[in-house]
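Each chain gets a letter, A, B and so on, in the order its sequence line appears, and its residues count up from 1.
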Amino acid sequence: MDHFIKNIVSLLKEKIDLPEDGIKRLIEIPPDPKMGDYAFPCYSLSKTLKKSPNVIATELSNAIHTVRPIAEIKAIGPYVNFFVEKETLSEITLKTISEERDNYGIRSAGKGKTVIVDFSSPNIAKHLAVHHLRSALIGNAIYHIYKTLGYRCVGINHLGDWGTQFGQLIVAYKKWGGENAHHAYTVTDLNDLYVKFHQEAEKDPGLEDEAREWFKKLESGDAEAKNIWQHFKDISLKEFQKIYDMLGIHFDAFVGESFYNTMVQDTVTRIKEKGITKVSEQALIVDLEPYHMPPCLLRKKDDTTLYATRDIAAAEYRKKTYDFDKMIYVVGSEQKLHFNQFFKVLELMGYNWANCCVHVDFGLMKFKDGKMSTRKGKVVLLEDLLVEAVERIKEIIEEKNPSLENKEAIARDVGIGAVIFADLCTKRSKDVVFDWDEALNFEGETGPYVQYTHARLCSILRKFGKPMTADINFGLLKEDETVILIKNLGQFPSVIMKAAEFYEPSLICNYLIDVCASLNRFYNAHRVLSDDAELTKARILLVNTTRQVIKNGLRLLGMQAPERM
RNA sequence: GCGCCAGUAGCUCAGUUGGAUAGAGCAUCGGAUUUCUAAUCCGGCGGUCGAGGGUUCAAGUCCUUCCUGGCGCGCCA
């Protein structure tokens, strides 16, 4: 907590020839609370003072004296260790949380600044599958994390709704679409048409030309082509929305690639005017050789543009429309090179905001025995996974808490939450191997563990049933399990800051696991409700603030915090 | 071939600006409940941190070479 560190720095700065900031940076938290609450390592001083760090630590600890709220100063090896008054620690932490409630953790670091989060961004006319999960969940979490830090956030779903494949689909639809005319079209039907097109195209290569023809019509605004394409888009969006609703994900804008179709020509002209383009093998490129990258292709030899061109146009448009301070692209790491190239082109175009663009990449999702691929039909549909997770939770509820009211809704919150937590729990950069059993295993460090802990706390508060107060005797919260928990609670704001700095939602997951583990240790060792009214009041405050922190943390991840389960 | 990412306990992973004894969960073995939800908690077992070399008082963390796996490398997105 900043409060104590400030006090420690002011004690140390009298005796140490280091800037305040330097001292502050060195202060750390000892691995074992028995050693102290904060520690100052003396290694870096030993060079200038030409003494061993142990000697310096001893001398320093003798030279400075305790002042409230620092209770004790002790040299242990090369460290000066500080013990704070537990009462003050508890009071500051718990009062802050119970005053700020749902706002605990909110900061104003981003006040007045705008962040764009470009995430999920699936291709239309295809199902959302489990490998689409990561971008959606990581992006959603980052959106919430930045919002908590006071940024104005704009969540954009950059739909893949443009390209030659829509020419193919139109051809297939016109030729064989009647077969499904007896019912409302679904994404499955579109998928079937897509597969059928590729089967037929092998026999009849003329189909590819027809498809190119239709895409050209689409590009030039042909009414029939546009109507059919719009129909595909409507069908897809309707299905996507159903999944986003299940996941509790909201976008501020669904703006697909098609939207930039009218702008790309101007964009290309602007790039050309900068004199950074050249023609190579009939294509228009930006040579990135000086930056040790392959060239960025802007226009194919048939004069049509590529996705890099559309990305540049989109970036220009977004800067103009939203005047963002940061733009975050949550896209798989297989596109790392693409983003490096495209950011470099923005820089070469002279946009000083180019370095405000960030590619937040993540490892890909694979099956145990190979890659996922829509072409081979080797995918697990996202909806199937979510439904299965909810079903599985329902069985567990039936077994453990059959009298629970509102089982459906709670199973939904817990099942979906389990999937969200499992996906966000590992660091972004790691590849994830999808395994049904693993994805649906809810024991140990999982979403249900966190939600269950939350539900138990709610249960205690219900049973207590009286108004709570932060006006308690903080001296009663003194056991080891209690103090560790309180210290954990106080770390929440800095964990959010760190998660934002590294674009790493997994830090929130790890933190919540920590808090819950501390809580459960406390829960097992001490009774909250007892005949001792003062002690009960104090522990109730601890229970309520812990509940609040868990709830706020889950919200950052896009998860619900059910009060019973 | 070149570039990027990953490699830590049997399995899945923490360990971010180099610091005190490398930590969790799962699995396995043993224990805790007259109790606020046992979807919990405690203990045992389990490690040449992929390998070698280097920098440093100090390296899982930084540099370097190599090994393994994944991804990417001009007209797909």
Interatomic distance where [atom1] belongs to [X] and [atom2] belongs to [N] [whole Å]:
X: A:I460; N: B:rC36; atom1: CD1; atom2: P; value: 10 Å
X: A:W162; N: B:rC76; atom1: CH2; atom2: P; value: 16 Å
X: A:H292; N: B:rG3; atom1: NE2; atom2: P; value: 11 Å
X: A:E445; N: B:rC26; atom1: CD; atom2: P; value: 8 Å
X: A:K430; N: B:rC4; atom1: NZ; atom2: C1'; value: 16 Å
X: A:N340; N: B:rG3; atom1: CG; atom2: P; value: 15 Å
X: A:F362; N: B:rC5; atom1: CZ; atom2: P; value: 17 Å
X: A:H526; N: B:rU40; atom1: NE2; atom2: C1'; value: 15 Å

(Q) Assess the residue pair A:L364 and A:R134 against the criterion (side-chain contact (heavy atoms from CB on, under 4.5 Å)); give the C-alpha distance rounded to whole Å, side-chain angles, the decisive distance to 0.1 Å, and a yes or no. (A) CA-CA 8 Å; A:L364 65 158; A:R134 301 210 81 195; over 6 Å; no

Q: Take A:V55 and A:S52 through the test side-chain contact (heavy atoms from CB on, under 4.5 Å) and record every step on the way to the result.
A: CA-CA 5 Å; A:V55 170; A:S52 84; 3.3 Å; yes

Using the [atom1] atom as the reference point in each nucleotide, state the distance between [N] and [M] in Å, no decimals.
N: B:rU48; M: B:rU8; atom1: P; value: 11 Å
N: B:rA39; M: B:rU33; atom1: C1'; value: 15 Å
N: B:rU16; M: B:rC63; atom1: P; value: 15 Å
N: B:rU55; M: B:rG47; atom1: P; value: 30 Å
N: B:rA9; M: B:rG72; atom1: P; value: 28 Å
N: B:rG18; M: B:rA32; atom1: P; value: 47 Å
N: B:rC41; M: B:rA24; atom1: P; value: 13 Å
N: B:rG44; M: B:rG23; atom1: P; value: 12 Å

Under 4.0 Å between any heavy atoms, over every strand shown, what does [X] touch: base, sugar-phosphate, or nothing? Just pick one.
X: A:K463; result: sugar-phosphate
X: A:L306; result: sugar-phosphate
X: A:A308; result: nothing
X: A:L529; result: base
X: A:E281; result: base
X: A:S459; result: base
X: A:P78; result: nothing
X: A:F464; result: nothing
X: A:A525; result: nothing
X: A:T164; result: nothing
X: A:R527; result: base
X: A:Y449; result: sugar-phosphate
X: A:M565; result: base
X: A:R564; result: base

Do [X] and [Y] have side-chain atoms, one donor and one acceptor, less than 3.5 Å apart?
X: A:S530; Y: A:T536; result: yes
X: A:N520; Y: A:R456; result: yes
X: A:Y329; Y: A:H158; result: no
X: A:E479; Y: A:T482; result: yes
X: A:H338; Y: A:D311; result: yes

Q: Measure distances between side-chain N and O atoms of A:Y452 and base N and O atoms of B:rA39, and say whether any donor-acceptor pair falls under 3.5 Å.
A: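 Between B:rA39 and A:Y452, which were checked side chain against base, a qualifying N/O pair under 3.5 Å is absent.
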
Q. Can a donor-acceptor pair under 3.5 Å be found between the side-chain atoms of A:N81 and the base atoms of B:rA20?
A.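 Pair found.
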
(Q) B:rA38, OP1 or OP2 - any side-chain N/O from A:Y523 closer than 4.0 Å? (A)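 For B:rA38, OP1 or OP2 has a side-chain N or O of A:Y523 closer than 4.0 Å.
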
Q. If only side-chain N and O atoms of A:R521 are considered, is one of them under 4.0 Å from the OP1 or OP2 phosphate oxygen of B:rC42?
A.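 Checking B:rC42 against A:R521, a side-chain N or O does come within under 4.0 Å of OP1 or OP2.
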
**Q.** Dot-bracket encoding of pairs in RNA chain B, which uses [ ] for pseudoknotted crossings and | for another strand, Watson-Crick or G-U under 3.5 angstrom
**A.** (((((((..((((.....[...)))).(((((.......))))).....(((((..]....))))))))))))....

Q) Can you say whether the rings of A:F343 and A:F339 are parallel (under 30°), tilted (30 to 60°) or perpendicular (over 60°)? A)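 Tilted: the ring planes of A:F343 and A:F339 meet at 30° to 60°.
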
From the options [options], select the nucleotide whose nearest atom is closest to the side chain of [X].
X: A:N510; options: B:rA20, B:rA14, B:rC36; answer: B:rA14
X: A:P294; options: B:rC73, B:rA20, B:rA39; answer: B:rC73
X: A:R25; options: B:rC75, B:rU17, B:rA20; answer: B:rU17
X: A:E334; options: B:rU16, B:rC71, B:rG74; answer: B:rC71
X: A:I76; options: B:rA77, B:rU16, B:rA20; answer: B:rA20

(Q) Set out, in order, the CA-CA distance, both residues' side-chain angles and the distance that settles side-chain contact (heavy atoms from CB on, under 4.5 Å) for A:I16 and A:L45, then state yes or no. (A) CA-CA 9 Å; A:I16 299 174; A:L45 292 175; 3.7 Å; yes

Q: State yes or no: are the ring centers of A:W162 and A:W229 separated by less than 6.0 Å?
A: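 Aromatic pair counts; centres sit under 6.0 Å.
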
